[in-house]
Student: 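Once you've had a glance at the structure underneath, I'll fire off some questions.
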Amino acid sequence: MTIERTFSILKPDATRRNIIGKINAKIEAAGLRIIAQKRLQLSLAQAQAFYAVHAERAFFGELCQFMISGPVVVQTLEGDDAVAKYRDIMGATNPANAKEGTIRQEFAESIEANSVHGSDSLENAAKEIAFFFSNLEIVS
Ligand code: CMP
């Protein structure tokens with residue numbers, strides 16, 4: 001096992017329903033530590049830059065509009081195999097395909113309003129963490 005860091009967003013559907021604590025309870029129960037956290041209202045430019053990898057996808061415009069439709073909570077998580085572990089407990093992107101007990105199966109409203117984002121690789125985790133946090137804001 002390797003101690004890793006990954007990046008997490010609790011999306012506008014989660015802040016709107018006031019379920020940040022419920023989602024973070026599942027993150028902590030899985031053994032991940034929240035070592036940086038802030039609540040933000042993203043600008044359209046920030047959402048577009050963060051999701052630039054999806055710029056050519058048909059859903060890009062709606063995805064960015066959704067991500068600015070309310071506050072988000074951005075977080076850095078740390079723990080054993082954090083990237084894979086967080087993806088495991090999030091469940092499939094589309095909640096219709098998410099396994100029992102996962103965050104998205106329990107809380108997501110749709111493939112777009114799917115409550116959480118998590119990095120898909122260690123390399124992207126480092127980039128996504130650096131997009132939102134300075135080293136001084138991360139305390140493990
Ligand atoms: P996320 O992990 O934040 O990465 C990109 C997001 O695009 C994804 O979660 C989904 O919420 C959103 N999305 C919206 N429509 C689709 C789609 N058809 N396929 C994949 N992702 C989608």
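Fair warning: this is a prediction, and the values are worked out from it, not measured in the lab. Counting convention: from 1, in listed order, for ligands and their atoms alike. Note: hydrogens, waters and symmetry copies are ignored here, and every other heavy atom, side chains too, is used.
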Student: Return yes if some donor-acceptor pair links the side-chain N/O of Asn97 with the main-chain N/O of Ala92 below 3.5 Å, else return no.
Tutor: no

Student: With only distance considered, is Lys11 within less than 3.5 Å of ligand 1 through an N or O on each side?
Tutor: yes

Student: Please list, in number order, the atoms of ligand 1 under 4.0 Å from a heavy atom of His54.
Tutor: 4 (O), 5 (C)

Student: Can you tell whether the side chains of Arg33 and Glu78 come within less than 4.0 Å, N to carboxylate O?
Tutor: no

Student: If you look only at pairs with a residue in residues 90-100, which of them pass as a salt bridge (charged side-chain N to carboxylate O under 4.0 Å, His left out), with sequence neighbours excluded?
Tutor: none

Student: For ligand 1, which part of Leu63 has a heavy atom less than 4.0 Å away: the side chain, the backbone, both, or neither?
Tutor: side chain

Student: Quick check on contacts: which atoms of ligand 1 are under 4.0 angstrom from a heavy atom of Arg104?
Tutor: 2 (O)

Student: May I ask you to list the atoms of ligand 1 that are less than 4.0 angstrom from any heavy atom of Tyr51?
Tutor: 1 (P), 3 (O), 4 (O), 5 (C)

Student: For atom 2 (O) of ligand 1, find the nearest protein heavy atom and state the residue, atom name and distance (0.1 Å precision).
Tutor: His117 ND1, 3.2 Å

Student: Look at atom 15 (N) of ligand 1 and say which protein heavy atom is nearest, naming residue and atom and giving the distance to 0.1 Å.
Tutor: Phe59 CG, 3.5 Å

Student: Can you find an N or O of Thr93 that's nearer than 3.5 Å to an N or O of ligand 1?
Tutor: no

Student: Salt bridge or not between Lys11 and Glu112? Use side-chain N to carboxylate O under 4.0 Å.
Tutor: no

Student: Which atoms of ligand 1 have any heavy atom of Asn114 under 4.0 Å away?
Tutor: 9 (O), 10 (C), 11 (O)

Student: Give a yes or no on whether the backbone of Val83 and the side-chain of Glu4 come within a donor-acceptor separation of less than 3.5 Å.
Tutor: yes

Student: Would you call Glu106 and Lys26 a salt bridge, using N to O less than 4.0 angstrom?
Tutor: yes

Student: Does ligand 1 have an atom that lies less than 4.0 angstrom from a heavy atom of Phe66?
Tutor: no

Student: Using modelled atom types and a 3.5 Å cut-off, is there a donor and acceptor pairing between side-chain atoms of Glu137 and backbone atoms of Ser134?
Tutor: yes

Student: For ligand 1, which is the ligand I care about here, please tell me if Ile111 has any N or O atom under 3.5 Å from one of the ligand's N or O atoms.
Tutor: yes

Student: With a 4.0 Å cut-off on heavy atoms, does Met67 reach ligand 1?
Tutor: no

Student: Classify the ring geometry of Phe133 against Phe7: parallel below 30°, tilted from 30° to 60°, perpendicular beyond 60°.
Tutor: perpendicular

